[in-house]
Amino acid sequence: MRIFLTGGSGFIGSFLTSALATRGHEVTVISRNLKKPPPFPPRVYVLEADPTKPGAWQKIAADHDAIINLAGLSIFNRWTEKVKKEIFDSRILTTKNLVEALSQRQQKEIHFLSASGVGYYGFQGDNFLDENDGAGDDFLARLASAWEQTAVTAEKSGARVVLCRIGIVLGRHGGALARLTPLFKCYLGAPLGSGKQWFSWIHEQDLTNIFLFLLEHPEMKGPVNFTAPYPVRNRELTQTLSAVLRKPAFPFPVPEFLLRLTLGESADMILKGQRALPQKLLSNGFLFKFPTLSVALQDLVG
């Protein structure tokens, strides 16, 4: 299969790109800067262009069997109004341009797998959240909702659209573990705030396997939660990572006021969280290689 991938040079995208190419797929990655391209394997082609702007790249994108849209500025920053706009534009403009490319496609059938996040659900405490639940009303929820609404318009051009609501990705070379592991190794790991907030996570290998599963199951459409079947509370995350690394955690939690002072509004991401479940994947027979946090962390950092 020929796959066009935005965000392919990022933490999630680079791992996915290599995995797709290894499985025999031909992958075209769009990048704004080719000066330092990642060391991709054969069957990966890198196209220099800005996906937030219309251009000749759109015709190339449309000439593929599938599009995986992962582009977007990192949300792990302090959210000033300027940063919020940049986060929003990086996602919505790219997706809008991809939808426009698909509208010009002669052959109508194509898979359009567009990223979103479990932040779509907002912060609903201990409630179990699956694909049938509605959107929240905080910044991340409104962002995810607008992102999905833009992606869904591709159905008018005959595309099969999957909305990939991705949880916190645990991987070897970036993401949450890249921030947490050094702290724990220095005996500075600790619960955050109350420690009761939920942490919906996914191992990078399972995330890749989900994308492959969806490409092979065209009957699956609409929202899909990319999360492990057993979300954990922040306190359990701290205890498990501490045990796997064999580094005792700090005995006192990081106070909520200190996190808000440091991170501002974006502190909500780590002080609240979601208890999301991959109901649609489980119902369709997907098997997780790393269903529990302890197994995932043993593989990644044990």
Side-chain angles (χ1 to χ4, degrees), residues 5-20 29 31 38-40 68-79 83 87 90-91 113 115-120 140 143-144 147 164-186 188-192 197-211 225-234 236-238 240-242 244-245 247 254 259 262-263 266-274 276 278 288-302:
L5 201 150
T6 68
S9 58
F11 159 54
I12 298 174
S14 58
F15 186 87
L16 176 60
T17 298
S18 296
L20 290 170
V29 173
S31 175
F40 288 130
I68 298 178
N69 177 28
L70 300 176
L73 186 71
S74 173
I75 59 174
F76 295 101
N77 293 294
R78 189 179 180 90
W79 294 344
V83 169
I87 290 173
S90 65
R91 287 160 172 76
L113 280 57
S116 178
V118 293
Y120 170 89
L140 284 184
L143 171 67
W147 201 1
C164 309
R165 294 176 182 168
I166 301 173
I168 302 298
V169 181
L170 302 181
R172 290 180 173 81
H173 304 295
L177 281 183
R179 293 173 170 84
L180 291 174
T181 302
L183 293 174
F184 277 77
K185 288 183 176 180
C186 294
L188 295 175
L192 303 175
Q197 66 273 34
W198 287 96
F199 181 79
S200 294
W201 59 276
I202 185 75
H203 188 292
E204 62 183 1
Q205 185 60 62
D206 274 332
L207 178 137
T208 295
N209 290 343
I210 293 170
F211 275 110
N225 286 346
F226 281 50
T227 59
Y230 299 104
V232 299
R233 295 186 187 273
N234 178 264
E236 184 179 347
L237 167 66
T238 302
T240 306
L241 186 54
S242 173
V244 170
L245 291 173
K247 301 289 184 181
V254 180
L259 290 167
T262 305
L263 301 174
S266 65
D268 282 346
M269 289 189 297
I270 56 177
L271 290 172
K272 296 183 179 180
Q274 297 82 21
F288 286 85
K289 186 176 181 180
F290 302 96
T292 65
L293 184 66
S294 59
V295 172
L297 291 180
Q298 285 287 356
D299 178 71
L300 293 168
V301 297

In residues 291-302, what donor-acceptor pairs under 3.5 Å come from side-chain atoms, sequence neighbours left out?
residue : atom : partner : partner atom : Å
Asp299  : OD1  : Arg172  : NH2          : 3.4
Asp299  : OD2  : Arg172  : NH2          : 2.9
Asp299  : OD2  : His203  : NE2          : 2.8

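The CE atom of Met269 sits 11.0 Å away from the CG atom of Leu259 when rounded to the nearest 0.5 Å. Here CZ of Phe290 is found 15.5 Å from OH of Tyr230. Values are rounded to the nearest 0.5 Å. Taken from CG in Leu70 to CD1 in Ile166, the straight-line distance is 6.0 Å, to the nearest 0.5 Å. To the nearest 0.5 Å, atom CD of residue Gln205 and atom NZ of residue Lys289 are 5.5 Å apart. Here the CG-OG distance, from Asn225 to Ser200, works out to 8.0 Å after rounding to the nearest 0.5 Å.
Between Leu241 and Leu180 the shortest side-chain heavy-atom distance falls below 4.5 Å. Taking the side chain as every heavy atom from C-beta outward, Tyr120 and Gln274 never approach each other to under 4.5 Å. Considering only heavy atoms from C-beta on, Leu170 stays 4.5 Å or farther from Ile202 through its side chain. Residues Ser9 and Ser14 have side chains not in contact (no heavy-atom distance under 4.5 Å, counting atoms from C-beta outward). Proximity of Leu192 to Phe199: side-chain heavy atoms (C-beta onward) are nowhere separated by under 4.5 Å. Looking at Leu140 and Trp79, their side chains come closer than 4.5 Å, going by heavy atoms from C-beta outward. The side-chain heavy atoms of Thr238 and Phe184, taken from C-beta on, include a pair separated by under 4.5 Å.
Here the closest heavy-atom approach between residue Val118 and residue Ala276 is recorded as CG1-CB, 3.8 Å. Residues Ala228 and Phe288 approach most closely at CA-CE2, 4.0 Å, considering heavy atoms. Minimum heavy-atom separation, Ala144 to Ser116: CB-OG, 3.5 Å. Contact between Leu113 and Phe211 at its shortest, heavy atoms only, is CD2-CD2, 3.6 Å. Nearest heavy atoms, Leu263 versus Ser266: O-OG, 2.8 Å. The shortest non-hydrogen separation linking Gly171 to Glu204 is CA-OE1, 3.2 Å.
The closest donor-acceptor contact from the side chain of Ser90 to the backbone of Ile87 lies under 3.5 Å. Gln197 contributes a side-chain N or O that, together with a main-chain N or O of Ile270, makes up a donor-acceptor pair within less than 3.5 Å.
Trp198 is linked by a side-chain hydrogen bond (donor to acceptor under 3.5 Å, both in side chains) to Asp126, counting only residues two or more places apart in sequence or in another chain. Partners of Ala19 under the side-chain contact (heavy atoms from CB on, under 4.5 Å) rule, at least two apart in sequence or in another chain, are Thr208.
Arg165 forms no cation-pi arrangement with Phe226, by the criterion of a distance under 6.0 Å to the ring centre and an angle within 45° of the ring axis.
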Stepwise side chain to side chain contact (heavy atoms under 4.5 Å, CB included) test for Leu5 and Asn69 | CA-CA 6 Å; Leu5 201 150; Asn69 177 28; over 6 Å; no

Arg78 and Val83: CA distance, side-chain angles, deciding distance, side chain to side chain contact (heavy atoms under 4.5 Å, CB included) verdict | CA-CA 8 Å; Arg78 189 179 180 90; Val83 169; over 6 Å; no

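Around CZ of Phe11, the count of heavy atoms belonging to other residues, nucleotides or ligands within 6.0 Å exceeds 12.
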